[in-house]
Amino acid sequence: MPDEPLVLGIETSCDETGVGIVRGHTLLADAIASSVEEHARFGGVVPEVASRAHLEAMGPTIERALADAGVAFTDVDAFAVTAGPGLPGALMVGVAAAKAYALSLGKPLYGVNHLAAHVCVDQLEHGPLPKPCVALLVSGGHSSLLLVPDVAGDVRPLGATVDDAAGEAFDKVARVLGLGFPGGPIIDRSARDGDPAAIPFPRGKYDDGTYDFSFSGLKTAVARWVEARERAGEAVPIADVAASFQEAVVDVLTRKALKVCKDNGVHDLLIGGGVAANSRLRALAKERCDAAGVRLRVPRPKLCTDNGAMVAALGAELVATGAAPSDLELPADSSLPIESITL
């Protein structure tokens, strides 16, 4: 196997079928088929719809990735697939496909952790990760603070949401405001015309001495504020609500992330996950990191959302470090803990 292995990664943890191909730290292809429009009328992801969409998209998305990379199946040195966490049915589609390809071609297979992959993808843009670094992962399903001495072998959870994830709160607030799904990009756009200090929404667990998050109370506070305006027959200032809500979320996220860096003597912060595409989160994180002397790394927005490139990146890292491949009987584990980087 070459020093820089060619790895094909498959991601199906939620509603996006992602196939990425990397050689070492070089991204060759990142093909995505999203079923988000099929879920929009339900106001959220429907697991059965997502699973069926993955089945339909898997073959064409892999073919597109191979064509974009200019390689053939026989050129692939190893396969990687998200084994968890995620929606059980959706994960099963990706794991089954990866097993079939690996077995038919006689190539090693790596079942990898979705969260670790979100950390590792930054290497495709900014080079090897500092050891250690702190990772703030924020998405529709996760809000996590991790200490990362080694993304291929040692990732330690320090904090997580105790209720709603940040991305889930964005979706629910967007629904309250009648803005549609998914909520993250819509709230971000609406907030640009609003005043982030207009409404003093609460900041859950803001200064409680932990690294954990809570966004359920904030979501409820927004809903109650909007309901009170509507009962009074007053117009709801959507831009101000969006901006004030968004500011409450990113204020807590960045405050806690910088606290982890300070308490652990770490000078590098990585932000990943779908919410990392949020423009205000990126701006406030940069401002606070610069003030604290912490180096900030955030992948470009397309690499923040779920994608196959991140899975391939972690697979390539595992191959390069000599990690043992997964057994072909590996399961899909919807609650896979971050300490299990591979299965």
Next on the checklist: Would L318 and V112 count as a side chain to side chain contact (heavy atoms under 4.5 Å, CB included) here? Give the steps.
Outcome noted: CA-CA 9 Å; L318 291 165; V112 306; 3.7 Å; yes
Taking only Lys NZ, Arg NE, NH1 and NH2, and the carboxylate oxygens of Asp or Glu, determine whether [X] and [Y] approach each other closer than 4.0 Å.
{"X": "K205", "Y": "D212", "answer": "no"}
{"X": "D251", "Y": "R288", "answer": "yes"}
{"X": "E234", "Y": "R229", "answer": "yes"}
{"X": "K259", "Y": "D263", "answer": "yes"}
{"X": "D164", "Y": "K219", "answer": "yes"}
{"X": "E247", "Y": "R280", "answer": "yes"}
{"X": "R52", "Y": "E48", "answer": "yes"}
{"X": "K286", "Y": "D290", "answer": "yes"}
{"X": "K256", "Y": "D208", "answer": "yes"}

Distance, nearest 0.5 Å, that separates [atom1] of [X] from [atom2] of [Y]:
{"X": "I21", "Y": "L8", "atom1": "CD1", "atom2": "CG", "answer": "4.5 Å"}
{"X": "T12", "Y": "L55", "atom1": "OG1", "atom2": "CG", "answer": "9.5 Å"}
{"X": "R255", "Y": "Y211", "atom1": "CZ", "atom2": "OH", "answer": "12.5 Å"}
{"X": "L109", "Y": "L103", "atom1": "CG", "atom2": "CG", "answer": "10.0 Å"}
{"X": "T220", "Y": "K172", "atom1": "OG1", "atom2": "NZ", "answer": "8.5 Å"}
{"X": "T82", "Y": "I10", "atom1": "OG1", "atom2": "CD1", "answer": "9.5 Å"}

Minimum side-chain heavy-atom gap [X]-[Y] below 4.5 Å:
{"X": "V241", "Y": "F201", "value": "yes"}
{"X": "R192", "Y": "S279", "value": "yes"}
{"X": "L270", "Y": "P299", "value": "yes"}
{"X": "Q123", "Y": "L314", "value": "no"}
{"X": "L146", "Y": "V134", "value": "no"}
{"X": "F213", "Y": "V138", "value": "no"}
{"X": "E11", "Y": "M310", "value": "yes"}
{"X": "H142", "Y": "P85", "value": "yes"}

Same apolar cluster (I L V M F W Y, side chains within < 4.5 Å links), [X]/[Y]:
{"X": "L269", "Y": "V155", "answer": "no"}
{"X": "V266", "Y": "L115", "answer": "no"}
{"X": "V294", "Y": "V119", "answer": "no"}
{"X": "L330", "Y": "V93", "answer": "yes"}
{"X": "F181", "Y": "V249", "answer": "no"}

Heavy-atom donor-acceptor pair, [X] side chain to [Y] backbone, under 3.5 Å:
{"X": "S340", "Y": "L336", "value": "no"}
{"X": "S51", "Y": "A90", "value": "yes"}
{"X": "N264", "Y": "C261", "value": "no"}
{"X": "D15", "Y": "A50", "value": "no"}
{"X": "D333", "Y": "G84", "value": "no"}
{"X": "D171", "Y": "G183", "value": "yes"}
{"X": "D188", "Y": "G184", "value": "no"}
{"X": "N307", "Y": "T305", "value": "yes"}
{"X": "S326", "Y": "L343", "value": "yes"}
{"X": "T254", "Y": "A285", "value": "no"}

Non-hydrogen atoms of [X] and [Y] that approach each other most closely:
{"X": "L145", "Y": "A257", "result": "CD2-CA, 3.7 Å"}
{"X": "I32", "Y": "E16", "result": "CG2-CB, 4.3 Å"}
{"X": "S190", "Y": "A242", "result": "CB-CB, 3.9 Å"}
{"X": "E317", "Y": "C120", "result": "CB-SG, 4.1 Å"}
{"X": "I338", "Y": "A116", "result": "CD1-N, 3.6 Å"}
{"X": "A309", "Y": "V22", "result": "O-CG1, 4.2 Å"}

Checklist entry - side chain to side chain contact (heavy atoms under 4.5 Å, CB included) between L218 and R203: does it pass, once the steps are laid out? => result CA-CA 7 Å; L218 169 61; R203 281 136 167 85; over 6 Å; no
Item to check | Qualifying residues under ring pair (Phe, Tyr, Trp, His ring centres under 6.0 Å), relative to Y206, sequence neighbours excluded | outcome: none
Next on the checklist: Determine whether R156 and E339 satisfy the following criterion, salt bridge (Lys or Arg N to Asp or Glu O under 4.0 Å), listing intermediate values before the conclusion.
Outcome noted: CA-CA 6 Å; R156 307 171 192 174; E339 295 93 335; over 6 Å; no
Checklist entry - So V311 and Y110, side chain to side chain contact (heavy atoms under 4.5 Å, CB included) or not? Walk me through it. => result CA-CA 9 Å; V311 180; Y110 294 83; over 6 Å; no
Item to check | Full working for side chain to side chain contact (heavy atoms under 4.5 Å, CB included) between M92 and H54 | outcome: CA-CA 10 Å; M92 289 178 189; H54 288 310; over 6 Å; no
Checklist entry - Should the heavy atoms of other residues, nucleotides or ligands under 6.0 Å from NE2 of H267 be counted, would the total exceed 12? => result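 12 or below, so no.
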Checklist entry - So F215 and F170, ring-ring contact (aromatic ring centres under 6.0 Å, His included) or not? Walk me through it. => result CA-CA 10 Å; F215 298 109; F170 270 89; 8.6 Å; no
Checklist entry - With under 30° as parallel and over 60° as perpendicular, where do the rings of H118 and H114 fit, or are they tilted in between? => result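 If you compare the ring of H118 with that of H114, the planes turn out perpendicular.
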Checklist entry - Does anything in residues 57-98 pair up under ring pair (Phe, Tyr, Trp, His ring centres under 6.0 Å), and if so which pairs, sequence neighbours excluded? => result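 Matches after skipping sequence neighbours: F73-Y101.
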